[in-house]
Amino acid sequence: MSEDPLCSYLDSLNPAQLQAVEHPPSIPLQILAGPGSGKTKVLTSRIVHLIVRHGISASSICAVTFTNKAANEMRERLMKILGKQRVSEVRMGTFHALCAMFLRKYAHTVGLERNFSICDTDESKKIIGKHLEKYKEQLATQNMTLKPESVLSTISKAKAKGHTAEQHLIEVSKKFKDLPVGAEESFMVANITAEIYEDYEKTLRQTNALDFDDLLVFGLKMFKAHEDAVSWCKHVLVDEFQDTNITQYDLMRTIGYRQCVTIVGDPDQSIYGWRSAEVENLAKMQTHFPGTAQIFLEQNYRSTGSILRASSALIAQDDKRIRKSLYTSHPLGKSPFLKLFPTETEEAAFMALEIKRLVALTGGMLQWGDFAVLLRFNALSRVVESALQKEGIPSRVLRGHKFFERLEVKDLLAYLQLTDNPEFTPAFIRVVNTPSRGIGEKSLLELISTAEKCRISPMLLAERIFDGKTPDIKPPVKRKIGTFVKIIRSLRESAEKRSLPADLIRLCIDLIDYSEHLKKTHDDWESRYENVLELISFAADVGDDISSIHDEDDRNRETPLRLFLQSSMLSTEGDNESANDAESRVTIATCHAAKGLEWPVVMIPSVEDDTFPFYRAEDREEERRLLYVACTRAQGLLYLSHVSRRKVAGDKKTRTRSPFISQVTNLYRVESGPNLDIFTEDEPDIAREDRTVLSQVLQRPAPDEEVVDQRVAELFVLSCRAGLY
DNA sequence: GCGCGTTCCGTTTTT
DNA sequence: CGGAACGCGC
Ligand SMILES: Nc1ncnc2c1ncn2[C@@H]1O[C@H](COP(=O)(O)OP(=O)(O)OP(=O)(O)O)[C@@H](O)[C@H]1O
């Protein structure tokens, strides 16, 4: 074995993994394998191999990850082998981030301004809601209503297939060509939706904005139209390929035009069908890339035998799936725990106490950060959070992009968006009267319609009124709008001097006296102000090296503000959290957010019917796969629980155990004896040999038995006291 | 135009 | 039960 990481990166790979890493770069490759088989590890090693063995320059490699977090982790792993400089040259990120990055540079090739804003789902809904008003009466004649989110979802699905508004309209008329009797209403809805799609696009273009799907659609257009945008690319690698949609697939094809592509994926882990992901892309790749090779990895390195056995039994119930072999050389370990509790309160309390018990029984081999509670949806986190808090266990809740959706964060972001892109009217509407300046609905509507008549943006109109270049509008606003214009101009001036985003936020807070505004308008201003501070610290952490294309020419570099706004729209909470922070707290997250991650101990509450599968789920099998993904995040111990009665939407509902689990236990009851039960109801008593198994699976030193005794005694004393008072 | 009280509604999953 | 939307009175 060599000490030099540039030589030893192949050493820890098994034969199949090695074969995948060394596979000829010019032959398209699919690495298909179950959870924990080292797919991501192989992808990372392959990048190193392409660079050091095949002499492909780092800047010619495009690595697509599913989340920003995954990109950061991969970057960190690569850093240890390749060094900071070279890693920063690899074009790495999500499809969305990569597209955004290149669209800044080549905006003109697809008719965009370089300072385009990214419109989030909330703003999109508002835009659609506005357009929807026109169709209210028409809908009312049929006693129908149409929700903005359903329109947006249709539009999003169309964009995921690469359909423009016009194409979508054609699709609609095709679909309804032989109008079935009784389908008049859905035809009307489809038509109205198609018309709104057109209106919505117009608004986005007018406001110099792209929505999330547009990043992909315009990115694809740009890569196709402008050869310079793709000619740098000598190899494309895509992680979590089973969850790509058609537009993303086309992006891969376009960027990987040299046919040098490597993808990794696992059909059993496809859980984003609801977002138009298509597993079929795997088969499609075989036809579009002739000679595509497949490599299967069958050894799981992550989990104990019994966790893998239970998970495999679970996914095996999906009878449409292709069977796959997956084994582990790890010991069996403790059977996954499956238990019923009366209500969610007892369930959560159990998890908290069990975490404490395990920390003691493992003599500190397990810390808070080694535990994850994985949920079907965010709302389930409430009880868990408070139960952990009550026991003094530190935790962090990964709420995806929700942090950036809080009103105090959105307010400040809107000021900055408007600073960067005065045409981004959604931001103008949000903040022109925040804090109150006496510009209410009437004035606002008047501003917007006047601006439309003059064919300029409301922001520019406001500036012109303030400058006296344009007459004031009906309810006079010149005085009131003056403060606002001055604020935006100060921010703009500072941004042009390439001020740091954190400083710009502080400046903004000062200029609008935002803390005062929060105090006046919200009782919970304290926690809201904490979010403001968190936004500042997020801004301080955004490095410009990772989110922009390196360019010697300073004039071609994006302003720090623009890069910050982009990452705030594209990143999720905890994306760039330090390992330190993650280590000291229990993680609470959704199963979706847990994709690709692993923890020594995983707990999944509410494994009930109507949760798994979720009662409104369109695709039942996808729900099963979701539970499978969650279970396979566990390395050493897995806990599933369900309750008899759960408070849902205010009233108590009777709940039953998830059918996915019942199917498995029924099967095993027939086939095996009681001791071979795939799940157990008994709380695992952690003895010395169990600690040994854990230390083996986690590759950590086993604790000193004396330390264990001491920690257990401490816990006993503490819990006796708690019992007394 | 603003602030407060009321009702009503309905709980996915995310870039 | 908790948040967003609405409506009423100032
Ligand atoms: N050859 C190996 N030797 C030792 N450990 C390995 C090996 N390959 C992978 N591992 C370990 O197994 C775990 C899972 O690896 P990785 O995350 O790459 O799997 P994966 O296939 O991407 O999983 P998933 O599909 O669940 O995302 C990691 O902790 C990794 O370090």
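So that the names make sense, note that chain A is the first sequence line, chain B the second, and so on, each numbered from 1.
- With a 4.5 Å cut-off on side-chain heavy atoms, A:Leu374 and A:Trp599 count as touching.
- In this structure, CG of A:Asp243 is placed 11 Å from C1' of B:dT13, rounded to the nearest angstrom.
- For B:dC2, one of the phosphate oxygens OP1 or OP2 lies less than 4.0 angstrom from a side-chain nitrogen or oxygen of A:Asn433.
- Rounding to whole angstrom units, CG of residue A:Asn72 and P of B:dT15 are separated by 13 Å.
- Checking B:dT12, B:dT15, B:dT14 against the side-chain heavy atoms of A:Thr121 singles out B:dT15 as nearest.
- A:Arg382 places no side-chain N or O within 3.5 Å of a backbone atom of A:Ser386 that could act as its donor or acceptor partner.
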Just do the salt bridge (charged side-chain N to carboxylate O under 4.0 Å, His left out) check on A:Asp268 and A:Arg321 with the steps written out, would you?
-> CA-CA 8 Å; A:Asp268 293 335; A:Arg321 96 185 244 273; 2.9 Å; yes
Could you walk me through whether A:Lys159 and A:Asp211 pass salt bridge (charged side-chain N to carboxylate O under 4.0 Å, His left out), step by step?
-> CA-CA 10 Å; A:Lys159 287 183 177 179; A:Asp211 68 13; 2.8 Å; yes
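- Mapped onto DNA chain B by nearest heavy atom, A:Phe614 and A:Phe95 fall at different nucleotides, with A:Phe614 at the one closer to the 5' end.
- When the nucleotides B:dT15, B:dT14, B:dT12 are ranked by their closest atom to the side chain of A:His96, B:dT15 comes out on top.
- Look at A:Asp610 and A:Lys653 and you find no salt bridge, because none of the NZ, NE, NH1 or NH2 atoms lies under 4.0 Å from a carboxylate O.
- Between the side chain of A:Arg75 and the backbone N or O of A:Met92 there is at least one donor-acceptor pair closer than 3.5 Å.
- Between A:Phe66 atom CZ and B:dT13 atom C1' the separation is 10 Å, expressed in whole Å.
- For the pair A:Ile604 CD1 and B:dT13 P, the computed distance is 16 Å after rounding to whole Å.
- Residue A:Phe212 places its side chain closer to B:dT15 than to any other of B:dT13, B:dT15, B:dC2.
- Here B:dT13 presents its C1' atom at 11 Å from NZ of A:Lys595, a figure rounded to the nearest Å.
- Near-neighbour residues of DNA chain B inside residues 401-409 of chain A, defined by a heavy atom below 4.0 Å, number-ordered: A:Lys402.
- Cation-pi geometry between A:Arg399 and A:Phe404 is not satisfied (NZ or CZ under 6.0 Å from the ring centre, within 45° of the ring normal).
- Nucleotide B:dT14 holds its C1' atom 14 Å from the CD atom of A:Glu240, rounded to whole Å.
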Output one line per pair: protein atom, nucleotide atom from nucleotides 5-10 of chain C, and distance, for all N/O pairs under 3.5 Å.
none

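- With rounding to the nearest 0.5 Å, the separation of CG in A:Leu152 from CD1 in A:Ile128 is 4.0 Å.
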Here DNA chain C, pairs taken as Watson-Crick or G-U under 3.5 Å and shown with ( ), [ ] when crossing and | when to another strand, reads .|||||||||
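- Atom-to-atom, CZ of A:Phe612 to C1' of B:dT12 comes out at 11 Å; the value is rounded to the nearest Å.
- Under 4.0 Å is where a charged nitrogen must lie from a carboxylate oxygen, and between A:Asp420 and A:Arg562 at least one such pair does.
- For the pair A:Leu398 CG and B:dT15 C1', the interatomic distance rounds to 16 Å; values are reported in whole Å.
- You'll find the ring centres of A:Tyr106 and A:Phe223 outside the 6.0 Å limit.
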Please list, for nucleotides 6-10 of chain B, all pairs of protein and nucleotide N/O atoms separated by less than 3.5 Å.
none

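- With the nearest nucleotide of DNA chain B identified for both A:Leu626 and A:Gly440, A:Gly440 has the one nearer the 5' end.
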Give the intermediate values and the outcome of salt bridge (charged side-chain N to carboxylate O under 4.0 Å, His left out) for residues A:Arg624 and A:Glu621.
-> CA-CA 5 Å; A:Arg624 192 200 308 273; A:Glu621 291 312 311; 2.9 Å; yes
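- Closest to the A:Ser436 side chain, of the nucleotides B:dT12, B:dC2, B:dT14, is B:dC2.
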Applying salt bridge (charged side-chain N to carboxylate O under 4.0 Å, His left out), run through A:Glu408 and A:Arg528 and close with a yes or a no.
-> CA-CA 7 Å; A:Glu408 58 275 19; A:Arg528 288 179 191 274; 3.0 Å; yes
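- Qualifying side-chain hydrogen bond (donor to acceptor under 3.5 Å, both in side chains) partners for A:Tyr514, counting only residues two or more places apart in sequence or in other chains: A:Asp411.
- A:Arg646 has a carboxylate O that lies under 4.0 Å from a charged side-chain N of A:Glu608, or vice versa, which qualifies the two as a salt bridge.
- The local environment of NZ in A:Lys442 is sparse, with at most 12 non-hydrogen atoms from other residues, nucleotides or ligands closer than 6.0 Å.
- Each of B:dC2, B:dT15, B:dT13 was ranked by its minimum atom distance to the side chain of A:Trp274; first place goes to B:dT13.
- Listed by residue number, the members of residues 373-383 of chain A with any heavy atom below 4.0 angstrom from DNA chain B are A:Arg376, A:Phe377, A:Asn378, A:Ala379.
- A cation-pi geometry, defined here as NZ or CZ lying under 6.0 Å from the six-membered ring centre and within 45° of its normal, does not hold between A:Lys105 and A:Phe102.
- A:Glu618 comes within contact range of at least one nucleobase, with a heavy-atom separation under 4.0 Å.
- When the shell of 6.0 Å around NZ of A:Lys520 is examined, it contains 12 or fewer heavy atoms from other residues, nucleotides or ligands.
- Contacts of A:Glu441 with the nucleic acid, taken as non-hydrogen atoms under 4.0 Å apart, involve only primed sugar atoms and P, OP1 or OP2.
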